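Order of the sequence lines fixes the chain letters, A, B, ..., with proteins taken first and strands second; residue numbering starts at 1 for each chain. Keep in mind that what you see is a predicted model, and the values were worked out from it rather than measured.
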2 protein chains.
Amino acid sequence: MKNMSRQADHRDKQQPDTQARILNAAEMLFAERGYAATSLRAIASAADVNLAATHYHFGSKKHLLSTVFHRRIDPINEARLAGLASLKAASQPLTTRSIMAVFFGPLRSEAVVSHLPRMLGRVFSEPETISRPILEEQFMEVASAFLTELNAVHPDVTRSELQWRLHFVIGAMVQLLLIGTPLGTEPGRENPEDGLEHLLDFCVAGIEQPGHETGREELP
Amino acid sequence: MKNMSRQADHRDKQQPDTQARILNAAEMLFAERGYAATSLRAIASAADVNLAATHYHFGSKKHLLSTVFHRRIDPINEARLAGLASLKAASQPLTTRSIMAVFFGPLRSEAVVSHLPRMLGRVFSEPETISRPILEEQFMEVASAFLTELNAVHPDVTRSELQWRLHFVIGAMVQLLLIGTPLGTEPGRENPEDGLEHLLDFCVAGIEQPGHETGREELP
DNA sequence: CGACAATTAAAACGGTCGTTTGAATGAAAA
DNA sequence: TTTTCATTCAAACGACCGTTTTAATTGTCG
């Protein structure tokens with residue numbers, strides 16, 4: 001990892017960019033098996049590069065995961081913040097649905113071309129010490145931006161209450177990214193974008209909680 | 001693993017039951033680090049037993065995970081089905097909230113005394129080939145029972161639609177079990193049962209989706 | 001007591017892991 | 001051409017993995 005800006009200057013080799021091949025293979029395998037269960041040898045083999053190349057270009061397995069992660073999540077979070085900004089710039093008033101549609105929107109564009117969805121869901125539930133700090137730090141900015149807008153739409157709900165609801169929104173989102181179609185249904189038959197529509201409906205209802213003032217039973 | 005019914009006859013030794021110690025240690029470590037990242041040596045060390053004892057009593061690491069898992073999830077699923085049955089036996093008509101309260105209820109009783117919550121959430125997102133079949137097979141029975149009752153309350157919604165909503169319910173539940181309090185909030189200050197109340201509110205609203213007939217925007 | 005079975009203990013098995021090393025490669029710079 | 005240096009390669013390092021083997025220990029019962 002002595003000088004990484006070299007091969008970016010002229011990328012006309014026989015084999016496509018070694019770094020990108022490693023990143024793609026790592027992304028696929030991390031998504032399929034998780035971090036701990038994926039070996040650098042499996043990554044190097046899938047990328048058809050030498051084992052030492054992974055350390056040469058990325059230094060360590062943890063740093064490789066971090067790079068794989070940021071390569072996908074950074075554009076998504078940028079798109080989320082940009083979408084939120086353009087939504088506020090528009091004339092119509094914001095709604096829970098329009099806010100959450102912006103939140104889930106970036107998941108669609110990348111979903112077809114990469115393994116990000118399952119990768120994201122997998123990393124989100126990794127026990128490794130680096131994954132959670134990265135995730136938390138990276139997610140806090142966009143989360144607080146969306147929380148502020150949701151709070152503007154629901155001024156009668158406390159911010160901490162909305163934090164809980166967004167917490168469950170993320171859980172439902174991870175479930176979709178990680179598992180896909182519901183347990184007991186065979187996957188592959190449905191359009192992958194259908195899941196996002198169901199997710200949006202579910203989360204909008206969960207955030208708005210219109211039945212909140214009705215009487216409730218206690219847990220048994 | 002030649003004869004497991006022996007030490008159950010008289011458990012009056014100096015050290016508590018070796019099998020139980022292994023199970024408890026395995027449960028704790030699986031919850032903290034996940035399956036792949038937890039070694040049998042770490043389990044044996046935490047349980048203060050010999051390494052070979054893990055294979056003697058449980059045969060393999062996978063079988064140990066299966067045992068740890070079933071020890072906790074079986075009573076929960078039985079409590080769920082029993083709670084659903086007694087709910088149907090009661091005179092009052094079922095509601096979404098009462099059904100989901102029964103669904104989440106068993107998580108409360110065990111939550112204080114064991115590491116099940118995070119363990120469950122961890123196993124739920126493991127890539128290992130045995131965890132998902134176990135999970136799916138074990139969960140399908142209770143899931144379909146609850147789906148049937150939810151469908152009775154919401155006859156206008158298709159069962160496949162309700163499958164999606166229960167899918168997200170599970171995701172939100174796993175999020176609570178795995179992460180706990182929302183990202184950005186310091187844990188430990190709140191009552192752990194508060195999270196279940198927030199979860200119940202969120203999921204009831206998501207299942208009922210009262211705003212479903214209103215106009216919706218497209219994803220950007 | 002001695003026989004016996006259940007359990008624990010210690011050591012090693014082959015294998016894979018992340019990481020490091022040092023030499024070969026090959027294109028650009030001089 | 002010679003020098004230079006980023007990159008690739010094969011090989012090995014020590015450590016740890018799940019599992020197996022073999023022996024020692026323990027408590028029970030004839």
Novice: Can you tell me if A:Ser39 touches the phosphate of C:dC17, counting only side-chain N or O atoms and a distance under 4.0 Å to OP1 or OP2?
Specialist: yes

Novice: Calculate the interatomic distance between B:Leu51 atom CG and D:dT21 atom P; express it in whole Å.
Specialist: 15 Å

Novice: Roughly how many Å is it from CZ in A:Phe30 to P in C:dG18, rounded to a whole number?
Specialist: 9 Å

Novice: In terms of relative ring orientation, are B:Phe103 and B:Phe139 parallel, tilted or perpendicular, with 30° and 60° separating the classes?
Specialist: perpendicular

Novice: Looking only at heavy atoms, what is the nearest atom pair of B:Gly206 and A:Ala205, with distance?
Specialist: CA-CB, 3.9 Å

Novice: Measuring from A:Glu27:CD to A:Thr38:OG1, what's the distance to the nearest 0.5 Å?
Specialist: 12.0 Å

Novice: Whole angstroms only, please: what is the NE2-P distance between B:His55 and D:dT20?
Specialist: 6 Å

Novice: Examine C:dG18: is either OP1 or OP2 under 4.0 Å from a nitrogen or oxygen in the side chain of A:Thr54? Give yes or no.
Specialist: no

Novice: Expressed as a whole number of angstroms, how long is the span from A:Leu40:CG to D:dT8:P?
Specialist: 16 Å

Novice: Can you name the one residue among B:His70, B:His63, B:Arg71 that meets side-chain hydrogen bond (donor to acceptor under 3.5 Å, both in side chains) with B:Thr67?
Specialist: B:His63

Novice: How do A:Ala52 and A:Ala42 order along DNA chain C: which one's closest nucleotide is nearer the 5' end?
Specialist: A:Ala42

Novice: Find the distance B:Ile43:CD1 to D:dG18:C1' and express it as a whole number of Å.
Specialist: 11 Å

Novice: Measure the distance from NE2 on B:His57 to P on D:dG18 and round it to the nearest whole Å.
Specialist: 18 Å

Novice: Between D:dT7, C:dT21, D:dC17, which one does the side chain of A:Tyr56 approach most closely?
Specialist: D:dT7

Novice: Calculate the interatomic distance between B:Arg41 atom CZ and C:dA9 atom P; express it in whole Å.
Specialist: 16 Å

Novice: In this structure, how many angstroms lie between the C1' atom of D:dT19 and the CG atom of B:Asn50, rounded?
Specialist: 13 Å

